[in-house]
Amino acid sequence: MQSGIDIDLDGAHRLLADHVSDLVAIFDAEGRLRALNRAGRRMLRLDANSLPPLRVQDLVAATDQDRVTEVIQSVHEGGAWSGPLTMRSTVTGDFPTRSTICSLPGDVPGALGWVAKDTTTDRDVIKSLRERAFYDPLTGLSHRSLFLDRLDLLLRRVNDEPSTVGVLFVTPDRFKEKVNRFEQGASSLLLKAIAKRIPEHLRDGQSLHRWGDEDFVVLCESVDGDDDALEIATAIADAFVLPFRVGRREVFLTASSGVALGQPGEMTTDELIRHADAAAQLARSAGGGAIRMFDEELRARAVRRAELEDALHGAGERGELVLFYQPEVRLRTNQIVACEALLRWRHPTWGVVSPSEFIPVAESSNLILDIGAWVLHEALTQCATWAKQFPERAPLTVAVNISARQFALDDFEHQIADVLDTTGASPSSVCLEITESVLLDDAEETIAKLNALKDLGVQLAIDDFGTGYSSLSYLRRFPVDILKVDQAFVSGLGHDPEDSAIVQAVVHMGQALQMTTLAEGVETAHHVIELRELDCDIAQGFHFARPLPVEAFTAMLAAGDDWLDQSMG
């Protein structure tokens, strides 16, 4: 620590000061800098061998100059002061510090000591954390947390002329199908291009935010009724008229939008989000480029949806959920070789709730995780029970539908291993059915997860095959045992040449890839004849049996070879 006057430190203190990372400075009674350690010289970019004629005020940024006199007075009166103080360097500019200034004991009255920690890094970390908390690093858009804060403020405002607030959910149609045709990284490039183009079609008071993987949301501070809202949505649709460029290739996209309006003080943030989401779901199901407004019909659906979600909580523990089983029949022998476990909900007031009504509700929330775990445990327990009950027959495979949310869990394969161990079910007698759309997400990660499941010994099936957009180049890499042909194609067998051609193509594809083919929705004897001619392996549908309670299905198994005559009689 360099010093040019009587103020000095003994050798130990000087050694310590020169080896700390904080600035340590000493000023005389007139406020002149008389000693500075090595860290201080580095912070202020001063020469190592001489001290310039600097005073306390010279080291303080202009923004904090007014505080210097108060700080020094506080030190003289109380002996010490601590707090944030912005310092300045003639080389690097201003920088924030956490400072402590105190009176120094000894023979020089009025001398001051100053210890300062440069908090620039801390500030940068806080700024980075804030940006990560509120802004999407890929697109630069604020994401859902900041959007929700802004929406909440708009809905809480009270003034003489409250305006209608609008929320529009925007989703590019068939996004994964489009990007899967390109090299890795195309998804990010396309999302950045969309995030740049949509704001060009917005007006003042309208802002774009990132909502989910490929979902965006537009917040409108003021909307003049339904017509104005539709005009805004149409303008957003116009943003997708021209193609987007990914590398040297062009991508043509459309987008579906769901629109909801709300008055400040009359609607909560959650309600408006639910309304917009309900409209968006309807728009997506309607096809490419659709726009849907939330209306009274959707309001009734939203109310019903909320009621279903509330009632689903704890439905398994209350004994309201039950599994039915539908047989899967080998066409060459008419033997039951497997069954699919199908979830049913018996509500004490509503009666039987259709799976088509409550499953989407469960899948749109985390409820599907608990329900899915319950289904797995129940189905595999029953699988083990039948194996003990009918040791003389060939092992029966039990198929269980796996939701996209379940499959996406990091520890999903470990959960399967645990439930196999807990229930005692034979892995080879368990088939996990995964929808084709799930395979569109991160093919490499999906393949790794499928291989991990195969290592457990379970079978894997692609459900509803033909309705998605999976790449054939990926399909041959998937360790899949069964292709399930969607009933939408099976229903047209014999009278719709296109459906017959699709089923035939899937069967031939399965044979080429050494996969079993299973036709869903087989309802007539004619379907059976057609499928046998096409050399399909297994069939499932009302022609053989409807989904049955466990007792009825067990009786069917007990009937052995006579089951078909009894079920068809």
Side-chain angles (χ1 to χ4, degrees), residues 315-346 352 355 370-402 406 413 415-434 453-454 456-461 463 481-482 484 516 518-520 522 528 537-569:
E317 292 80 355
R318 295 191 299 270
E320 297 173 13
L321 299 181
V322 64
L323 292 183
F324 278 39
Y325 298 87
Q326 187 172 35
E328 298 175 353
V329 180
R330 188 172 299 282
L331 288 170
R332 290 194 305 271
T333 62
N334 271 353
Q335 290 180 319
I336 301 175
V337 293
C339 64
E340 181 179 1
L342 298 167
L343 183 61
R344 298 293 183 263
W345 182 17
R346 293 169 173 166
V352 178
D370 291 337
I371 292 174
W374 180 89
V375 169
L376 275 168
H377 186 273
E378 290 293 311
L380 269 61
T381 298
Q382 189 58 54
C383 179
T385 299
W386 280 328
K388 294 177 181 177
Q389 192 171 356
F390 302 104
E392 71 286 351
R393 76 180 314 279
L396 182 78
T397 297
V398 175
V400 180
N401 291 287
I402 302 301
Q406 282 179 284
E413 55 267 41
Q415 290 189 16
I416 296 299
D418 289 343
V419 74
L420 285 169
D421 183 61
T422 302
T423 62
S426 171
S428 61
S429 296
V430 175
C431 180
L432 304 180
E433 296 191 0
I434 303 164
L453 292 169
K454 285 298 296 178
L456 296 176
V458 300
Q459 299 181 57
L460 299 173
D463 198 10
D481 303 285
I482 300 171
K484 297 191 71 172
T516 298
L518 188 158
E520 298 180 287
V522 178
V528 174
D537 299 302
I538 299 173
Q540 171 187 356
F542 289 177
H543 175 72
F544 303 106
R546 292 177 176 274
L548 300 169
V550 63
E551 299 82 7
F553 193 89
T554 301
M556 181 180 286
L557 293 178
D561 293 338
D562 297 330
W563 78 271
L564 184 58
D565 293 336
Q566 294 180 19
S567 65
M568 301 290 290

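Note that the structure is predicted; figures quoted are calculated from it, not measured. Atom set for the values below is all heavy atoms of this structure, side chains included, hydrogens, waters and symmetry mates excluded.
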Exercise for review: Verify the neighbour count for atom CZ of R346: are there more than 12 heavy atoms of other residues, nucleotides or ligands below 6.0 Å?
Suggested key: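 No.
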Is R332 atom CZ crowded by more than 12 heavy atoms from other residues, nucleotides or ligands, each under 6.0 Å away?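 Open: at most 12 neighbouring heavy atoms sit under 6.0 Å from CZ of R332.
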At what distance, to the nearest 0.5 angstrom, does [atom1] of [X] lie from [atom2] of [Y]?
X: L518; Y: R330; atom1: CG; atom2: CZ; answer: 9.5 Å
X: T397; Y: E328; atom1: OG1; atom2: CD; answer: 8.5 Å
X: D537; Y: L331; atom1: CG; atom2: CG; answer: 8.0 Å

Just wondering, do [Y] and [X] contact through their side chains at under 4.5 Å, heavy atoms?
X: Q415; Y: Q406; answer: no
X: Q326; Y: L342; answer: yes
X: L343; Y: W374; answer: yes
X: V522; Y: Q540; answer: no
X: D463; Y: N401; answer: yes
X: V375; Y: L323; answer: yes
X: M556; Y: I336; answer: yes
X: L380; Y: V400; answer: yes

Item to complete: Mind running side chain to side chain contact (heavy atoms under 4.5 Å, CB included) on V337 and L396 for me, showing each step along the way?
Response: CA-CA 6 Å; V337 293; L396 182 78; 5.9 Å; no
Margin query: For V528 and H543: C-alpha separation, side-chain torsions, deciding distance, then whether side chain to side chain contact (heavy atoms under 4.5 Å, CB included) applies.
Written below: CA-CA 9 Å; V528 174; H543 175 72; 3.4 Å; yes
Do any N or O atoms from the side chain of D481 and from the backbone of L460 form a donor-acceptor pair under 3.5 angstrom?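 Flag set: sc D481 to bb L460 pair under 3.5 Å.
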_Please check this pair: side chain of E340 against backbone of V398, looking for a donor-acceptor N/O pair closer than 3.5 Å._
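Checking the backbone N and O of V398 against the side chain of E340, no donor-acceptor pair under 3.5 Å is found.
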Ignoring hydrogens, what is the shortest heavy-atom contact between [X] and [Y]? Give both atom names and the distance.
X: A315; Y: W345; value: CB-NE1, 4.0 Å
X: P547; Y: F324; value: O-CD2, 3.4 Å
X: A379; Y: A341; value: CB-CB, 4.0 Å

| query | Where do T381 and H377 land on the side chain to side chain contact (heavy atoms under 4.5 Å, CB included) test, with the steps shown first? | reply | CA-CA 6 Å; T381 298; H377 186 273; 3.6 Å; yes
Note to self: By the definition side-chain contact (heavy atoms from CB on, under 4.5 Å), identify the one residue from V430, D418, I402, L420 that meets it with L376.
What the structure shows: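 By the side-chain contact (heavy atoms from CB on, under 4.5 Å) criterion, L376 pairs with just one of V430, D418, I402, L420: I402.
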| How far apart are the C-alpha atoms of C383 and T423, what are their side-chain angles, what is the distance that settles it, and do they pass the side chain to side chain contact (heavy atoms under 4.5 Å, CB included) test? | CA-CA 9 Å; C383 179; T423 62; over 6 Å; no
Before you tell me yes or no, could you show the steps for Q459 and K454 under side-chain hydrogen bond (donor to acceptor under 3.5 Å, both in side chains), namely the whole-Å CA-CA distance, both residues' side-chain angles and the distance that decides it to 0.1 Å? CA-CA 7 Å; Q459 299 181 57; K454 285 298 296 178; over 6 Å; no
| field | Aromatic plane relationship, Y325 with W386 - under 30° parallel, 30 to 60° tilted, over 60° perpendicular | value |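 Because their plane-to-plane angle is over 60°, the rings of W386 and Y325 count as perpendicular.
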